[in-house]
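Just below is one structure, and these are the notes that go with it.
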Amino acid sequence: MCLIALSWQPDKPHPLVLIANRDEQHARPTAALDFWADAPDILAGRDLQQGGTWLGVQQRGAFAALTNYRQPGIPAGARSRGHLVSDFLRGNKRPLDYARAVARQAGQYDGFNLLLGDREQLVYYGNRADGEPRLLSPGVYGLSNAVLDSPWPKLMAVRDGLAAELEAENSSAERLMRLMLRREAYPDPELPDTGVGLSLERMLSPPFICTPVYGTRCTTWLRWDGRGADMLERSYDAAGEVTGNVERRMDWSS
């Protein structure tokens, strides 16, 4: 996952609303959003290369999402970051407790950002961020391939767009997902310098990335209510054309 905007309002009818784009190599094998055969209380897509995931919910009322931290030239970590999400969803730890356990092993992974939630807590931890895992107060947040709310143009655009849409009377999943579809690069003076060179910064700058080898593989919408979670995942091919839509509902266990 490479771009996430979410609203966390635990006292509202929809405590969690999220939109996200997953960017990945097109050749990497992936299973679409669904209930897992080996863990039917988990609803998520799946990385078939390593077995983990980038975004999912669990029937107890838990949520987790992951982005990579862009840091070229750093030796690869020993462990797959996608298991940080799937291990949380398979377990029963509270978000803050799990994040603290991850922090003690953070050096075994490449750079990552982790969002963990249940019906009472939302936690952020990044192993390239300063400090310990932290509980997030109610608000609207954005996360890409740097630390939480880094002022990258695409992050600010989708975060602020999400906030505005949630105030609109005609807000919908489709309207929110359209925030993730811009393909035009942002002006050079607005781009971050993450060490990958200007041409690659341009290519990676829009919310929706479209190249023959690497790009946006899917857009996901997630919304919680008091009884469960609704998810919509839209998949794309290397040309940026829609190849599938999956809608699922998970009801919380009592």
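The first residue of the sequence shown is numbered 1, and numbering continues consecutively from there. Quick caveat: nothing in here was measured; it's all calculated off a predicted structure.
Looking only at atom types and distance, the side chain of Arg70 has a donor-acceptor partner in the side chain of Thr194 under 3.5 Å away. Checked by atom type, the side-chain pair Arg22/Thr30 shows a donor-acceptor distance below 3.5 Å. Side chains of Thr219 and Asn21: a donor-acceptor N/O pair is present below 3.5 angstrom, by distance only.
Atom CD of residue Gln58 and atom CH2 of residue Trp252 lie 9.0 Å apart, to the nearest 0.5 angstrom. Residue Ser80 holds its OG atom at 12.5 Å from CD of Gln108, rounded to the nearest 0.5 Å. Expressed to the nearest 0.5 Å, how far CE of Met203 lies from CG of Leu198 amounts to 12.5 Å. Separating the SG atom in Cys218 from the CD atom in Glu24 is a distance of 10.5 Å, to the nearest 0.5 Å. Remark: His14 NE2 to Trp224 CH2 distance equals 13.0 Å, nearest 0.5 Å. Considering NZ of Lys154 and CG of Leu3, their distance stands at 5.5 Å, rounded to 0.5 Å.
For Phe88 and Tyr98, the gap between ring centers is short of 6.0 Å. Residues Tyr141 and Tyr124 keep their aromatic ring centres 6.0 Å or farther apart.
Asp34 and Arg248 are joined by a salt bridge, as a carboxylate oxygen and a charged side-chain nitrogen come within less than 4.0 angstrom of each other. A salt bridge links Arg94 with Glu120: the distance from a Lys NZ or Arg NE/NH1/NH2 to an Asp or Glu carboxylate oxygen falls below 4.0 Å. Look at Asp251 and Arg227 and you find no salt bridge, because none of the NZ, NE, NH1 or NH2 atoms lies under 4.0 Å from a carboxylate O. Salt-bridge formation is detected for the pair Arg159/Asp149: a Lys NZ or Arg NE/NH1/NH2 atom is positioned less than 4.0 Å from an Asp or Glu carboxylate oxygen. Contact check on Lys12 versus Asp225 returns no salt bridge, with no Lys/Arg side-chain nitrogen under 4.0 Å from an Asp/Glu carboxylate oxygen. Of the charged side-chain nitrogens involved, at least one lies within less than 4.0 Å of a carboxylate oxygen, so that Glu174 and Arg234 count as a salt-bridged pair.
Without hydrogens or angle criteria, Gln121 side chain to Leu96 main chain gives a donor-acceptor distance under 3.5 Å. Between the side chain of Thr211 and the backbone N or O of Ile209 there is no donor-acceptor pair closer than 3.5 Å. Remark: side-chain polar atoms of Ser144 are not paired, donor with acceptor, to backbone N or O of Leu155 under 3.5 angstrom. Counting only distance, with no hydrogens or angles, the side chain of Ser205 and the backbone of Tyr186 share a donor-acceptor pair below 3.5 Å.
In this structure, the side chains of Leu176 and Leu162 come closer than 4.5 Å at one or more pairs of heavy atoms. Contact of the Asn113 side chain with the Tyr69 side chain is registered, since non-hydrogen atoms from C-beta on lie closer than 4.5 Å. Side-chain atoms of Leu136 and Arg134, non-hydrogen and from C-beta on, do get closer than 4.5 Å to each other. For the pair Asn68 and Arg81, the minimum side-chain heavy-atom distance is below 4.5 Å. You'll find the side chain of Tyr125 stays beyond 4.5 Å of the side chain of Arg100, heavy atoms only. Looking at Asp237 and His26, their side chains never come closer than 4.5 Å, going by heavy atoms from C-beta outward. Proximity of Val57 to Leu89: side-chain heavy atoms (C-beta onward) are nowhere separated by under 4.5 Å. Side chains of Glu165 and Leu179 form a contact here, defined as non-hydrogen atoms less than 4.5 Å apart.
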Test Asp41 against Arg60 for salt bridge (Lys or Arg N to Asp or Glu O under 4.0 Å), laying out the working first. CA-CA 8 Å; Asp41 56 353; Arg60 71 183 186 272; over 6 Å; no
Could you go step by step and tell me if Arg79 and Asp87 meet the salt bridge (Lys or Arg N to Asp or Glu O under 4.0 Å) rule? CA-CA 12 Å; Arg79 304 179 68 177; Asp87 288 352; 5.1 Å; no
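More than 12 heavy atoms of other residues, nucleotides or ligands lie within 6.0 Å of CG in Asp11, so this atom counts as buried by the packing criterion. Counted within 6.0 Å of CG on Asn92, heavy atoms from surrounding residues, nucleotides or ligands total 12 or fewer; the atom is thus considered open.
Under a cutoff of 6.0 Å and an axis angle of 45°, Arg217 and Tyr214 do not form a cation-pi pair.
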